[in-house]
2 protein chains.
Amino acid sequence: MNFQQLRILQEAKRRDFNFTEVANALFTSQSGVSKHIKDLEDELGIELFERKGKRILGLTPPGQQVQVFVERIVADMQNIRRVAENFANQNTGQLVVATTHTQARYALTKVVAEFKQRVPQVELALQQGSPQEIAQLLIRGDADIGIATERLTEMEDLACFPFYEWHHAVIVPNGHPLLQVVELTLSEIAKYPIVTYQEGYTGRALINKAFADCNLSPHVVLSALDADVIKAYVELGMGIGIVAPMAFDAKKDSDLKMLDCKHLFATNQSVIAVKKDKYLRGFAIELIQLCNAGLSTEHIRFAVEGATN
Amino acid sequence: MNFQQLRILQEAKRRDFNFTEVANALFTSQSGVSKHIKDLEDELGIELFERKGKRILGLTPPGQQVQVFVERIVADMQNIRRVAENFANQNTGQLVVATTHTQARYALTKVVAEFKQRVPQVELALQQGSPQEIAQLLIRGDADIGIATERLTEMEDLACFPFYEWHHAVIVPNGHPLLQVVELTLSEIAKYPIVTYQEGYTGRALINKAFADCNLSPHVVLSALDADVIKAYVELGMGIGIVAPMAFDAKKDSDLKMLDCKHLFATNQSVIAVKKDKYLRGFAIELIQLCNAGLSTEHIRFAVEGATN
DNA sequence: GATGCTTACGATACCCGTAAAGATA
DNA sequence: TATCTTTACGGGTATCGTAAGCATC
């Protein structure tokens with residue numbers, strides 16, 4: 001048994017058991033992959049892959065159980081490398097932050113600027129995606145830190161820390177009749193066509209829920225991934241927008257007005273997430289603390305690594 | 001990075017950083033050990049061992065952090081092997097049960113007999129030791145299942161299941177004045193010289209505590225590891241014995257009488273312990289269920305492996 | 001016929017062990 | 001001086017990649 005064999009096992013599952021792709025992904029030859037797997041199967045005395053002649057269909061039951069440990073071994077190897085890098089080059093390296101457009105564009109700008117000033121040598125990569133994609137990236141080990149508003153807290157394998165709370169706000173073009181309304185209500189809002197986030201993004205679920213709880217079915221004429229798109233269409237008069245308030249800039253968005261709606265929508269909790277059992281380099285913890293200054297290094301490490309026991 | 005290097009790291013810590021011993025333990029050469037470590041240090045770009053010239057003193061801080069992951073990787077390799085064996089040879093293999101004399105001699109006899117009948121092919125090894133030694137064996141992965149009365153539940157890295165409960169009993173030679181006493185009390189017992197278990201064994205702590213709580217300081221004339229020794233000296237008239245009741249056999253021990261003392265000593269809880277994150281083979285779970293029929297396979301697996309998340 | 005797994009084989013690199021050298025107590 | 005680590009070197013083995021063989025779709 002050696003590491004290459006385990007890496008191949010892991011990659012095989014991720015590449016849908018196509019050994020050719022596995023070989024490419026690991027920069028080696030098809031035949032090597034094939035042989036490594038055969039060797040491992042011989043050594044263990046069991047078949048790891050379900051075969052139909054020379055076609056691989058999937059994992060056998062023992063193969064599935066083995067896979068669980070393989071994943072952890074490969075992750076731990078990376079942890080060892082990360083520990084070493086952390087000591088060898090204190091403040092150089094790569095940090096991959098998986099996040100949504102809203103966070104990257106508005107909430108994280110200050111954090112990123114501050115981070116770059118503190119550890120300029122670190123190559124910071126903002127990887128954008130949906131919350132589900134962010135979770136995937138974290139769990140597969142392709143991203144170090146995930147930041148989003150939805151779904152991350154539900155994942156068993158992620159450790160989450162609070163980032164900040166916010167409420168959706170309504171944006172309307174200048175001179176819109178809603179600006180005359182004294183007490184804004186959901187039914188008032190529902191009278192107008194709405195432009196807001198796609199399902200699964202930036203608290204859209206809470207928007208749906210707020211209306212559903214009042215038995216209202218608003219007319220969403222357009223949904224988009226980010227507030228910039230939403231604002232553009234609101235400016236065009238396609239409807240009123242429901243966005244995250246940090247996306248509104250009174251100066252730049254002078255053609256629009258924002259209406260506060262704290263009382264109408266439930267609280268959104270943006271969170272910072274990390275895969276459990278992952279070794280975090282010093283600057284990764286620094287970034288988390290820039291997001292939430294109340295988190296001590298010990299607390300973060302314990303939540304992430306202490307979960308082992 | 002390869003497995004041999006990690007095995008060497010692990011063994012180095014266990015052998016107090018004597019590379020010569022490490023080489024012997026792993027059936028390889030000194031020089032190989034040295035080179036492997038150097039290679040790994042070069043690859044990681046850090047020193048793992050604190051050196052004074054050519055003398056190894058211990059682990060560097062990064063070395064200590066690396067060690068944590070090394071331990072888990074090596075354990076997971078064994079888990080993979082165990083999964084494979086479990087599927088390859090359903091009911092053959094080895095099962096190491098670490099336990100104390102009391103459990104091995106009295107509580108486990110039925111369990112072992114039943115187990116041998118069910119899976120005769122499994123080589124069952126009863127490894128005797130103190131509760132502390134049992135915990136060590138489990139944590140180092142040298143034993144699969146631990147059974148004892150003390151200290152195992154306190155260990156963070158062990159998953160524990162209840163086995164059975166019991167209370168200490170007093171044994172006296174035939175015709176002993178204590179047999180005339182109607183209501184047995186601790187102060188009555190404390191009048192006589194006592195023969196009982198050594199510190200750390202078979203609930204001795206609870207015996208001490210019971211007397212201490214009553215401000216009594218009994219005269220323990222002899223302490224021994226097991227009840228057979230204790231009974232022998234009670235028969236010789238050296239004093240009265242305090243033992244686990246399962247050690248008393250009215251027929252065989254016809255020279256002795258047992259006095260029930262449920263009301264005098266606190267309850268002892270015997271437990272079955274397993275190292276967390278360890279893959280248990282089918283017959284290991286079977287043995288646990290023979291000890292405690294109320295435990296489902298799923299419950300056991302979850303307590304041991306599910307603790308990962 | 002195209003894709004994809006397996007087997008065969010030769011070159012290379014890696015690992016191991018013997019032996020000598022260097023360092024520490 | 002005895003113990004223990006490091007370095008040097010040669011033999012053996014395992015790994016890798018090219019290429020050919022052969023199922024599956």
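All chains are named by letter (A, B, ...) in the order of the sequence lines, taking the proteins before the strands, and each is independently numbered beginning at 1. What you see below is based on every heavy atom in this structure, not just the backbone, and it leaves out hydrogens, waters and symmetry mates.
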OP1 or OP2 of C:dC16 under 4.0 Å from side-chain N/O of B:H36
yes
Which letter, B, S or -, goes with each nucleotide of nucleotides 3-14 of chain D from 5' to 3', with contact meaning a protein heavy atom under 4.0 Å?
BSBBB-------
Without decimals, in angstroms, what is the distance between B:I37 CD1 and C:dC16 C1'?
15 Å
Take the protein atom CG of A:L57 and the nucleotide atom P of D:dA23, then report the distance between them rounded to whole Å.
17 Å
Rounded distance in Å - CG (A:D39) to C1' (C:dC5):
15 Å
Residues in side chain to side chain contact (heavy atoms under 4.5 Å, CB included) contact with A:L225, at least two apart in sequence or another chain:
A:H101, A:Q198, A:Y201
Within this structure, what is the CG-to-C1' distance between B:L26 and C:dC15, rounded to whole angstrom?
14 Å
Quick one: do the A:R82 and A:N79 side chains pair a donor with an acceptor below 3.5 Å?
yes
Any chance the side chains of A:Q103 and A:T202 put a donor and an acceptor closer than 3.5 Å?
no
Classify the side-chain pair B:R81/B:Q78 by whether it contains a donor and acceptor separated by less than 3.5 Å.
no
How close or far is atom C1' of C:dT3 from atom NZ of A:K52, stated in whole angstroms?
16 Å
Whole Å only: how far is the CE atom of A:M1 from the C1' atom of D:dT15?
18 Å
Not counting sequence neighbours, list each pair that qualifies as a side-chain hydrogen bond (donor to acceptor under 3.5 Å, both in side chains) and has a residue in residues 45-56 of chain A.
A:E41-A:R51
Could you give the CD-to-P distance, from B:Q5 to C:dC15, as a whole number of Å?
7 Å
Can a donor-acceptor pair be found, under 3.5 Å and without considering hydrogens, that links the side chain of B:N89 to the backbone of B:T92?
no
Please classify the nucleic acid contact of A:S29 as base, sugar-phosphate, or nothing, using heavy-atom distances under 4.0 Å.
base
